[in-house]
Amino acid sequence: MPEGHTIHRAARLQRELIVGGAVRVESPQGRFSEAALDLDGAVLRGIEAYGKHLVYDFGDDRYVHVHLGLFGRFRMGRGEPPEARGAERVRFASECGWVSLGGPTACDLISDDERRRLLARLGPDPLRGDARPAPMIERIARSSAPIGTLLMDQSVVAGIGNVYRAELLFRARVHPATPGRSLEGDTVRGLWRDARTLLREGERSGRIVTTRPADRPHPRGGVRRGEQYYVYHRTACPCRLCETPIAAALQAARTVYWCPSCQRAGR
DNA sequence: GTGGGATGGGCAA
DNA sequence: TGCCCCTCCCACA
């Protein structure tokens with residue numbers, strides 16, 4: 001379930017398990033074997049998350065770049081790793097614990113140059129403490145593209161995916177088709193701040209929840225299935241605030257959801 | 001049991 | 001814009 005919060009959470013949990021000592025590196029599936037052979041036994045110096053990208057630093061100009069894509073998934077734990085599974089692209093194991101990766105879009109050994117080029121392609125990441133929103137605000141202010149497309153563009157802002165896109169726009173009462181340059185600067189700054197809030201909560205809990213307790217049927221209990229979103233995947237369901245059926249359309253080749261009444265169409 | 005869709009993105013055209 | 005990558009899960013039979 002990979003939006004930026006998943007990646008930052010993975011980086012944090014994996015640091016405790018495998019950073020700081022020699023790491024056994026294997027590729028049970030075979031598709032990362034050559035690199036695994038090179039890295040096996042090296043000391044893992046750090047793990048960094050940038051948007052939806054994860055970078056493992058093995059020293060000597062060797063980094064492993066991982067992007068989960070739509071299908072990728074981590075498993076991890078303390079102690080000895082379990083029996084190898086069929087579709088396991090790479091497995092890291094230290095004295096403390098293990099990390100296993102399946103189904104990623106990218107899992108490559110890269111140099112520092114390649115790492116820098118990768119990061120240069122990314123906009124600011126709301127989950128990174130050192131990130132400043134100015135480049136995102138400028139890109140949006142200059143663009144005639146719809147804000148729903150811009151929020152999904154990783155070179156504008158890094159880490160937002162299809163769920164956060166729809167939910168951020170609902171919370172801001174902004175229609176996804178609104179051209180970037182017709183938004184007020186305050187609205188865009190508000191989107192950045194809300195992205196930071198929601199992504200941080202997602203990073204902590206490992207789950208995306210965007211509804212405020214007051215807008216849920218059971219405000220005091222835990223967040224039940226089907227109550228965590230305002231609009232995402234709720235086509236034709238009544239809006240939680242005004243009962244208008246939620247609308248859906250393709251935007252940037254992905255389905256975007258919105259409330260036609262709460263989110264007024266921009267020009 | 002099975003098949004389609006999914007929280008992504010690079011690439012060709 | 002559409003195709004491909006290539007895995008899991010759930011709705012449906």
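Residue numbers start from 1 in every chain, and the chains themselves are labelled A, B, ... in the order their sequence lines are given, proteins ahead of strands.
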Specify the separation, in whole Å, of atom [atom1] of [X] and atom [atom2] of [N].
X: A/Leu118; N: B/dG10; atom1: CG; atom2: C1'; answer: 13 Å
X: A/Leu250; N: C/dT1; atom1: CG; atom2: C1'; answer: 11 Å
X: A/Leu70; N: C/dC4; atom1: CG; atom2: P; answer: 16 Å

Can you tell me if [X] touches the phosphate of [N], counting only side-chain N or O atoms and a distance under 4.0 Å to OP1 or OP2?
X: A/Gln29; N: C/dT7; answer: yes
X: A/Arg73; N: B/dT7; answer: no
X: A/His67; N: B/dG9; answer: yes
X: A/Arg75; N: C/dC8; answer: yes
X: A/Arg207; N: B/dT7; answer: no

Next on the checklist: Considering every strand and a 4.0 Å limit on heavy-atom distances, what is the contact class for A/Arg31: base, sugar-phosphate, or nothing?
Outcome noted: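 Sugar-phosphate, no base atom in range.
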salt_bridge([X], [Y]) N-O dist < 4.0 Å:
X: A/Asp112; Y: A/Arg62; result: no
X: A/Arg78; Y: A/Glu16; result: yes
X: A/Glu201; Y: A/Arg204; result: no
X: A/Glu48; Y: A/Arg128; result: yes
X: A/Arg24; Y: A/Asp40; result: no

Checklist entry - How would DNA chain B look in dot-bracket form, 5' to 3', counting Watson-Crick and G-U wobble pairs with both distances under 3.5 Å and writing | for bases paired to another strand? => result ||||||.|||||.
Item to check | Parallel, tilted or perpendicular, as decided by the 30° and 60° cut-offs, for the rings of A/Phe58 and A/Tyr56 | outcome: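 The rings of A/Tyr56 and A/Phe58 lie parallel, inter-plane angle below 30°.
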Item to check | hbond_proxy A/Thr105 side chain to B/dG8 base (donor-acceptor, 3.5 Å cutoff) | outcome: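 Donor-acceptor pair under 3.5 Å: yes.
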Checklist entry - The side chain of A/Arg89 lies closest to which of these nucleotides: C/dC6, B/dA6, B/dG9? => result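 Closest nucleotide to the A/Arg89 side chain: C/dC6.
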Next on the checklist: I'd like the C1' distance from C/dC8 over to B/dG10, given in whole Å.
Outcome noted: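 The same atom, C1', in both gives a distance of 22 Å.
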Next on the checklist: Using the P atom as the point on both nucleotides, what is the distance between C/dC6 and B/dG1, in whole Å?
Outcome noted: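 Nearest-Å result for B/dG1 against C/dC6 at atom P: 26 Å.
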